[in-house]
There are 2 protein chains.
Amino acid sequence: MVSRVESAAATRRALVEAAAELLDEGGPDAVTLRAVGGRAGVSRGAPYGHFPDKEHLLAAVATKSWEAVRERLDALITDRGRAPSERLEQALTGLMEVGRRHPHAYALMFAAPTAEHPEAVAAVSRTHDQFLTIIADVIGDPQRARPIGGLLMSSVHGIVAMENGGHLTPEKWQTTGDELVKLLIDRIA
Amino acid sequence: MVSRVESAAATRRALVEAAAELLDEGGPDAVTLRAVGGRAGVSRGAPYGHFPDKEHLLAAVATKSWEAVRERLDALITDRGRAPSERLEQALTGLMEVGRRHPHAYALMFAAPTAEHPEAVAAVSRTHDQFLTIIADVIGDPQRARPIGGLLMSSVHGIVAMENGGHLTPEKWQTTGDELVKLLIDRIA
DNA sequence: GCGGTTCATGTGACGTTGTCAAGTGAGTCG
DNA sequence: CGACTCACTTGACAACGTCACATGAACCGC
């Protein structure tokens, strides 16, 4: 019923999910290989059968998070019932939502992926491509869409990062992240 | 000549500087209390005479970095030889420059300062105020300057963060961080 | 000057962490 | 059914943050 390779793949999935859960619940310090193994139902050394080191496990978590965002964008692109501008707004606010709901995982997604994690780099690239697809539908010229897309992506990320870092206090800036995204789309897209 | 409190203050300064140097040179993993003490010329336990724990030492590094940025802005504001718009551009590109030259310290500056570090929060607030001063000189209405300032600050931070994380590749977005800052100022300020 | 006090620093120790090497046992195949 | 494979367990080690205690020089009242 459960072949050996299937159970190995299941363990790998369980390890990544356990790491993601621990990251969500307790931040980076809570992600211990011992805790990850424990939650996944294996021992502390088991992860080394699936990942060369802790960094690669975290890269797998980042990859999974990026893939989840990409799937949201896929659904958005497939849904032909919405106007392009509406899709763009939903794409950007969707990213902000992820950053708010899973701040630590979000920070991990935007941390520098060392060149030793090609799968993470590929997942980021695929997701960015979907962003560009959505943006190009709003901006007619696909040549102009790329820099505009870079600015939108960077700006929204900055807003989320400032929010999560506690640097975007309403008292200081007299505004909120949501308002800034609206203002951004208004001025840029 | 060197009183006891003076030498203690000097040691504290040396510890913060050593931590900042190690952070620049080897990233967060290189900042161990043993290495910090060693570079500052004291033992591994000496930092505990000046900081309750490692986190507070890092908060002092972040505070110092923010103060350095604020001093740059102070000089920019005092310099009456420049047009307000030029001052704004220099303020934003100056922040980007800091992010490029000291990526790890920059990341530390924008990490979430827990409420237990009021000095760090105060340094951030003071620096943001100077940003707002410069921005208000460009935007006439000081009421409108605050949200605009929040958007500019967040966006530039996002650009720097994307750059440092390797997520702003020219091939993908057909642009650079410098171009995006220019585009941002053009559209927003 | 001088004895007692204060306090920054040095040192030994402990629990935890990431990591590796050796061992183990269940699943797999001829 | 026997030998092999391979994911997993366990023991061990160095490094880390942190604490308790020891030390010695700078300070202060006399």
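Please read these numbers as outputs of a predicted model, since none were measured by experiment. Side-chain atoms are counted along with the backbone in the values below, which use heavy atoms only and exclude waters and symmetry mates. In what follows, chains carry the letters A, B, and so on, assigned in the order in which the sequence lines appear, proteins first and then strands, with residues in each chain numbered from 1.
Contacts of B:V31 with the nucleic acid, taken as non-hydrogen atoms under 4.0 Å apart, involve only primed sugar atoms and P, OP1 or OP2. Within the nucleic acid shown, B:A46 comes within 4.0 Å of sugar-phosphate atoms alone, with no base atom in reach, counting heavy atoms only.
Contact of B:R34 with D:dG17 (side chain to base): a donor-acceptor pair of N or O atoms is detected under 3.5 Å.
Phosphate proximity of D:dC8 to A:T11: present, with a side-chain N or O under 4.0 Å from OP1 or OP2. Between B:S43 and C:dT11, a side-chain N or O to OP1/OP2 separation shorter than 4.0 Å is absent.
Rounded to whole angstrom, the span from the CD atom of B:E55 across to the C1' atom of D:dT18 amounts to 14 Å. Straight-line distance from the NE2 atom of B:H50 to the P atom of C:dC7: 13 Å, rounded to whole Å. Distance, B:R44 CZ to C:dA8 C1': 16 Å, rounded to whole Å. To the nearest angstrom, P of D:dA7 lies 13 Å from CZ of A:F51. Between A:D29 atom CG and D:dT18 atom P there is a gap of 10 Å when expressed in whole angstrom units. Going from atom NZ of B:K54 over to atom P of C:dT17 covers 15 Å, rounded to whole Å. Atoms CG (B:L33) and P (C:dG10) sit 14 Å apart, rounded to a whole Å. Going from atom OH of A:Y48 over to atom P of C:dA21 covers 12 Å, rounded to whole Å.
Between A:L88 and A:L152 the shortest side-chain heavy-atom distance falls below 4.5 Å. By the 4.5 Å heavy-atom criterion applied to side chains, B:V160 and B:F110 are not counted as neighbours.
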**Item:** Trace of the ring pair (Phe, Tyr, Trp, His ring centres under 6.0 Å) decision for A:W66 with A:H128
**Value:** CA-CA 10 Å; A:W66 276 110; A:H128 283 176; 5.5 Å; yes
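Between B:E67 and B:R70 there is a salt bridge, since a side-chain N of the basic residue sits under 4.0 Å from a carboxylate O of the acidic one. Here A:D74 does not pair with A:R126 in a salt bridge; the nearest charged N to carboxylate O distance is not below 4.0 Å.
Comparing C:dT19, C:dT9, C:dA8 by their closest approach to the side chain of B:A8 singles out C:dA8.
Where B:G45 and A:G41 meet DNA chain D, the nucleotide closest to each residue was compared, and A:G41 sits on the side nearer the 5' end.
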